[in-house]
Amino acid sequence: MPETYDLLIKGGRAVLPGGTMTCDIAVKDGRIAELGEISDHAAGEVIDATGLTVLPGVIDSQVHFREPGMEHKEDLKTGTAAAALGGVTSIFEMPNTKPPTIDAAALNDKFDRARGRARVDHAFFVGATADNVEQLTELERLPGVPGIKIFMGASTGSLLVDEEEVLDQITKRLTRRFSVHAEDEARLRERRHLVADGAEPEMHPKWRDAQAAVQATQQICRLARANGARVHVLHISTAEEMAVLADYKDVATVETTPQHLTLAAPDCYRTHGSHVQMNPPIRDARHRAGVWAGVSQRIVDVLGSDHAPHTAEEKDKPYPTSPSGIPGVQTLLPLMLDHVDQGRLSLEHLVELTSAGPARVFNVMRKGRIAVGYDADLALVDLHARREITRDWLASKAGWSPFEGTACTGWPVMTLVRGQTVAREGELIGEPQGKPVGFLETLRESKAGR
Ligand code: DOR
């Protein structure tokens, strides 16, 4: 008697490790139970995926969801709704909330808030400060934590570690890969005068110049190597950093964002003004080409959205008082599918960057690939659908995107988290049932019930 499955996804083209093929996918108890041609099994539900492509769900390993403290910009409910609609099945959220996530109490508070409100699986970074250095090795091993985040340059919020001595101490202690925002704070301060009141947003990449990013990336990679630490350098924005990072592949993994691959100065500032102001900044076409080269040379391991919502009203304040950050968790996949359509990378390479890459870099348990035994976290996409990013599709409280009006060929039409449909054709489905993401490096601590 053949087994009864909870769900059968039939007839789609699935991007499996090692190749894309027509392949049915059976799901039982939230996990992938069988792959191949599965015809003689009963199933509670059948999804006809003929004409669609089935990807492992996106693991977006850099989002800012603003809860607690800035819920007027975003909260865990709306941020994860945006994720679900965009084919994102897990998010790793950053610690620059109010209060910042710098201790176990703040971390537990985020997990409590996410329960019953998050539509996708989730993990929360812990922020490093000069004052919590002693606790970091314990904090980095708490279940549901992807690692420690260090802001080397000040951005939204108060988190900052810019002293070499403190960075040295931190990199000596940490036992997991840590993530870093690499901009050199001293250089940013020195150059701040370039953006006096009345400056144009176009000045943003001149103030926070390439050298500020390169210097900080060099410094943190050097310290990581000297101290036997592993570093994940976030949102790489310059051509020069790619060369540096290629030399540090023994210890460094690399993230870039769809914004840095899609937009270029000065045009983007002329069109969108401070709405495309982010840190590190969107730079000129030479840097964009350099970042693409980093992708094609496989120096880049991960694509994250750096979803950083602010209200339109806040963004419309005169530069430089306008806050930095661009929303993007929902637009990551459509924008990148369009780049696939344009021939800039293959679909398999995209999946490497959005699912398998983050799973490898952060040692994620049971996610990031379509394989038996793995969580049935899936994004069903229509590679031929050409749709426009519109305001009414966006679920973020920010309510806007610099990509409104952009038409993308390739669109997420259905998202499943552990076998449950969470979004279909632009509609959210069911009640929020997201759970904490598991990490291999915290297995022992999870077992101890911490
Ligand atoms: O532009 C940015 N916005 N860069 C960051 O590092 C933080 C983010 C935010 O939280 O707004």
Side-chain angles (χ1 to χ4, degrees), residues 60-76 78-79 82 91-102 110 124-129 148-162 178-185 188 195 201 203-205 207-209 212-213 216-217 220 232-238 241 255-260 262-263 265 268-269 272-283 304-317 319-329 331-332 396-398 400-402:
D60 188 345
S61 47
Q62 193 188 177
V63 302
H64 303 266
F65 281 171
R66 311 300 192 200
E67 182 176 349
M70 291 168 282
E71 289 93 338
H72 69 286
K73 298 178 197 270
E74 196 74 286
D75 63 36
L76 290 164
T78 52
I91 57 94
F92 300 177
E93 207 258 352
M94 286 296 167
N96 57 334
T97 42
K98 278 188 193 154
T101 323
I102 53 175
K110 278 195 176 172
F124 298 113
F125 281 96
V126 172
T129 72
I148 301 299
K149 162 79 181 279
I150 304 177
F151 283 90
M152 293 173 75
S155 193
T156 302
S158 56
L159 288 173
L160 178 67
V161 181
D162 59 345
F178 65 96
S179 296
V180 63
H181 178 126
E183 284 185 288
D184 187 86
E185 180 64 16
L188 297 182
V195 290
M203 286 301 289
H204 199 58
W207 163 33
R208 303 181 82 113
D209 68 347
T217 290
I220 200 65
H232 182 57
V233 193
L234 297 164
H235 39 43
I236 294 302
S237 61
T238 71
E241 282 169 289
E255 182 207 70
T256 195
T257 76
Q259 307 74 293
H260 290 103
T262 307
L263 301 169
C268 69
Y269 295 101
H272 301 286
S274 53
H275 282 216
V276 292
Q277 171 195 338
M278 71 171 289
N279 304 328
I282 309 290
R283 306 186 191 281
S305 71
D306 193 11
H307 179 79
H310 300 282
T311 65
E313 200 183 8
E314 290 165 335
K315 290 293 270 181
D316 284 337
K317 286 188 190 158
Y319 181 81
T321 54
S322 42
S324 293
I326 306 178
V329 68
T331 49
L332 180 153
S396 168
K397 274 194 197 174
W400 60 274
S401 159

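Counting convention: from 1, in listed order, for ligands and their atoms alike. Keep in mind that this is a model prediction, so the values were computed, not measured.
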Qualifying residue for ring-ring contact (aromatic ring centres under 6.0 Å, His included) with His275, from Trp400, Tyr319, Tyr269: Trp400
Side chain to side chain donor-acceptor pair (under 3.5 Å) partners for Ser179, two or more places apart: none
Check: Asn279/His181 side-chain N/O donor and acceptor closer than 3.5 Å: no
Gln62: partners by side chain to side chain donor-acceptor pair (under 3.5 Å), with sequence neighbours left out: Glu255
Neighbouring protein residues of ligand 1 - any heavy atom closer than 4.0 Å: His64, Arg66, Asn96, Phe151, Ser155, Thr156, His181, Met278, Asn279, Ala308, His310, Ser324, Gly325
NZ/NE/NH1/NH2 to OD/OE distance under 4.0 Å, Glu93 and Lys110: yes
For Glu71, all residues meeting salt bridge (Lys or Arg N to Asp or Glu O under 4.0 Å), sequence neighbours excluded: Arg113
